[in-house]
Amino acid sequence: DAGITQSPRHKVTETGTPVTLRCHQTENHRYMYWYRQDPGHGLRLIHYSYGVKDTDKGEVSDGYSVSRSKTEDFLLTLESATSSQTSVYFCAISARTGGSGANVLTFGAGSRLTVL
Amino acid sequence: KQEVTQIPAALSVPEGENLVLNCSFTDSAIYNLQWFRQDPGKGLTSLLLIQSSQREQTSGRLNASLDKSSGRSTLYIAASQPGDSATYLCAVGGDDKIIFGKGTRLHILP
């Protein structure tokens, strides 16, 4: 997807190991989001960022942490992966600047994580 | 807490029919509402975005409406085609969070 790169695209890991997923954008957008997608649950917001070092929790943040040290990168970390965190993880960016301005949410291609 | 519901969860219709997908949300203090399409095993593609001040948006055979006061949006697809088969998701933007419904899985029968 234009402007957004997720890495790795696929990862298999074992329970208890740390995992970091990276989202990189070339659009210089302010807002970045991490979602997970699971059958029967749709997309659920994990964490989001509204600027460098500015992050907040979403709907399902337990077990996850994030960091954003520069505009272009938003990292999602599973400190100690569990089987319940097996999922497809999507990063998204938005150019929203506040108020009610229009902002299209644009997604990365997704990262499929399997925790054994 | 914003909750977004999409009904029906799945829908099958013959090719050529017009159809309506529904999205409802509990908190009317939204900035915008966006409709997405997702093909199996793929990412999400934005279809239409409606700002909170707008009532509808159109793109080709697609028309999305928004009624903030009742907490509803509809996606109308005219003259459906087999290529329209996909999952359609709505996403509601309020404050800084963007919350999704679970989607409607659409199957167009040739």
Side-chain angles (χ1 to χ4, degrees), chain A residues 1-6 9-10 23 27 29-51 54-61 66 68 74 87-112, chain B residues 1-10 21 23-57 59 64 66 68 86-105:
Chain A
D1 294 75
I4 310 175
T5 304
Q6 291 186 230
R9 293 290 313 282
H10 302 272
C23 178
E27 309 293 325
H29 287 342
R30 178 183 175 193
Y31 285 82
M32 299 184 75
Y33 302 83
W34 275 109
Y35 290 88
R36 61 178 289 176
Q37 186 173 36
D38 306 286
H41 290 278
L43 273 85
R44 293 179 290 176
L45 179 63
I46 305 171
H47 281 280
Y48 64 98
S49 170
Y50 46 96
D54 292 323
T55 65
D56 205 348
K57 297 179 180 180
E59 304 168 278
V60 289
S61 58
V66 290
R68 191 169 179 198
F74 192 31
S87 187
V88 179
Y89 291 85
F90 285 99
C91 174
I93 63 174
S94 170
R96 177 170 169 249
T97 56
S100 61
N103 57 290
V104 175
L105 191 63
T106 305
F107 279 84
S111 296
R112 183 175 296 276
Chain B
K1 177 187 172 188
Q2 179 73 271
E3 294 183 3
V4 181
T5 303
Q6 291 188 246
I7 295 174
L21 306 181
C23 173
S24 62
F25 46 95
T26 55
D27 186 351
S28 62
I30 69 171
Y31 288 131
N32 57 48
L33 186 145
Q34 196 164 347
W35 282 92
F36 291 86
R37 169 189 173 132
Q38 185 177 32
D39 294 293
K42 303 294 185 181
L44 283 81
T45 300
S46 178
L47 297 174
L48 291 164
L49 179 141
I50 310 176
Q51 297 182 55
S52 60
S53 59
Q54 298 175 323
R55 298 282 294 186
E56 64 179 303
Q57 282 286 336
S59 176
L66 174 64
K68 275 183 58 178
T87 296
Y88 291 80
L89 300 105
C90 70
V92 176
D95 292 332
D96 291 333
K97 296 181 181 179
I98 301 177
I99 305 299
F100 279 78
K102 295 182 179 181
T104 294
R105 191 169 61 255

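Chain letters run A, B, ... following the sequence lines, proteins first, then strands; residues in each count from 1. Bear in mind that the values here come from a model prediction, so they are computed numbers and not experimental data. Note: hydrogens, waters and symmetry copies are ignored here, and every other heavy atom, side chains too, is used.
Side chain of Q57(B) to backbone of I50(B): no donor-acceptor contact under 3.5 angstrom is found.
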- Task: Might you work through the side chain to side chain contact (heavy atoms under 4.5 Å, CB included) test for T55(A) and F74(A), ending with a clear yes or no?
- Result: CA-CA 10 Å; T55(A) 65; F74(A) 192 31; 4.1 Å; yes
- Query: Run the side chain to side chain contact (heavy atoms under 4.5 Å, CB included) check on V66(A) and S49(A) step by step: do they pass?
  - Reply: CA-CA 9 Å; V66(A) 290; S49(A) 170; over 6 Å; no
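Contact annotation for I98(B): both backbone and side-chain heavy atoms come within less than 4.5 Å of a heavy atom of chain A. Only the side chain of L45(A) comes within less than 4.5 Å of a heavy atom in chain B; its backbone stays farther off. The contact between Q38(B) and chain A is made entirely by side chain atoms (from C-beta outward), counting heavy-atom distances below 4.5 Å. Heavy-atom distances place the backbone of K42(B), and not its side chain, under 4.5 Å from chain A.
To the nearest 0.5 Å, atom CG of residue D96(B) and atom OH of residue Y31(B) are 7.5 Å apart.
Annotation: maximal heavy-atom pairing with chain A below 4.5 Å, among L89(B), V4(B), I99(B), occurs at I99(B).
With a 6.0 Å radius and a threshold of 12 heavy atoms from other residues, nucleotides or ligands, K57(A) has its NZ atom at or below the threshold.
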